[in-house]
Amino acid sequence: MPEPLDFKLVDLPGLLTLWGLAVIVFLQFFTRYVLNDSLAWTEEIARYVLILVAFFGAVSVSRKGTHIFLDFFYRYLPPRVGKWLTVSMEALTCFFWGYMAWVGIELAQKTKTKMASAEIPKSLVYWCVVIGLVGMALYSAIWLIRKIRTPPEQVIADLEDHALSDIKN
């Protein structure tokens, strides 16, 4: 039996951005190779939209707690040490996303230029990246709190379940 679809409202920006990218790239292909008259703005906009796909998609991955990580060492550590390491890595991740959001805010505030092929401020891209980074920091904080409250044996069992979730019997 197939698993239920894990889709929330917070995943919508990533999905819409991905579809927007597909439309822009198709438009670029169609105008260049079919009409022999390429639209100038499609290449630059596609580049920036691809960046947004990555950051908005990372929010979804953070929500689910499915960022890739090396789980090999957790199997050979005592549960208390494994939990301590897991909590430490989640705290470091949360701090990193938060710090990068801060840097992104500073960059967005300083950026006054517009895109070369469209009259769109480049700071708009940076603000969207900041939104993605804040989302990742918030979900990372949620996972950090969950891992702190969970007993060590259960943290390791959850890691094991996560590691084996893609392997079907």
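Along the sequence shown, the residues carry numbers beginning at 1. This structure is a prediction, so every number in the text was calculated from the model and none was measured.
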With [X], which residues qualify under side chain to side chain contact (heavy atoms under 4.5 Å, CB included), at least two apart?
X     : value
Leu9  : Leu12
Phe30 : Phe26, Val34, Leu35
Pro79 : Pro152, Glu153, Ile156

ask   = If you look only at pairs with a residue in residues 117-146, which of them pass as a salt bridge (charged side-chain N to carboxylate O under 4.0 Å, His left out), with sequence neighbours excluded?
value =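 Sorted pair list comes back empty.
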key: Results of ring pair (Phe, Tyr, Trp, His ring centres under 6.0 Å) for Phe7 - residues two or more places apart only   =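 Phe7 satisfies ring pair (Phe, Tyr, Trp, His ring centres under 6.0 Å) with no other residue.
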ask   = Is Val134 linked to Val129 within one hydrophobic cluster, defined over Ile, Leu, Val, Met, Phe, Trp and Tyr using a side-chain heavy-atom separation of less than 4.5 Å?
value = no
request  = May I ask whether Val130 and Met115 are part of the same hydrophobic cluster, defined by side-chain heavy atoms of I, L, V, M, F, W, Y residues being less than 4.5 angstrom apart, directly or through others?
outcome  =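 In one cluster with Val130: Met115, no.
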Considering all heavy atoms, the nearest Ser60-Asp11 contact =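 Closest pair (atom of Ser60, atom of Asp11, distance): OG-OD1, 2.6 Å.
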query = Shortest non-hydrogen contact from Pro151 to Lys83?
reply = C-CD, 4.4 Å
request  = With sequence neighbours left out, write down each residue that passes salt bridge (Lys or Arg N to Asp or Glu O under 4.0 Å) with Asp6, or none if nothing qualifies.
outcome  = Arg63
Say you draw a straight line from [atom1] of [X] to [atom2] of [Y]; how long is it, rounded to the nearest 0.5 Å?
X      : Y      : atom1 : atom2 : result
Asn36  : Arg32  : CG    : CZ    : 10.5 Å
Leu133 : Leu138 : CG    : CG    : 11.0 Å
Leu144 : Ile148 : CG    : CD1   : 4.0 Å

Could you go through residues 86-104 and list every donor-acceptor pair under 3.5 Å that involves a side-chain atom there, pairing it with any protein atom two or more places apart or in another chain?
residue	atom	partner	partner atom	Å
Thr86	OG1	Gly82	O	2.7
Ser88	OG	Trp84	O	2.8
Glu90	OE1	Lys147	NZ	2.9
Glu90	OE2	Ser140	OG	2.9
Thr93	OG1	Met89	O	2.7
Trp102	NE1	Glu106	OE2	2.9

Please examine the side chains of [Y] and [X], heavy atoms only from C-beta on, and report whether any two atoms are closer than 4.5 Å.
X      : Y     : value
Trp19  : Val23 : no
Met136 : Val61 : no
Leu77  : Leu85 : yes

task = Sequence neighbours left out, what passes side-chain hydrogen bond (donor to acceptor under 3.5 Å, both in side chains) with Gln109? Give chain and number order.
result =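 Partners of Gln109 by the side-chain hydrogen bond (donor to acceptor under 3.5 Å, both in side chains) criterion come out as none, since no residue qualifies.
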Under 3.5 Å donor-acceptor pairs involving side-chain atoms of residues 41-57, not counting sequence neighbours:
residue	atom	partner	partner atom	Å
Thr42	OG1	Leu39	O	3.0
Glu44	OE1	Ala116	N	3.3
Glu44	OE1	Ser117	N	2.8
Glu44	OE1	Ser117	OG	2.5
Glu44	OE2	Ala116	N	3.1

request  = May I ask you to list the residues sharing a hydrophobic cluster with Phe29, side-chain cutoff 4.5 Å, ordered by chain and number?
outcome  =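 Joined to Phe29, directly or through intermediates: Tyr33.
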query = Please, which pairs that meet ring pair (Phe, Tyr, Trp, His ring centres under 6.0 Å) have at least one residue in residues 122-144, sequence neighbours excluded?
reply = none
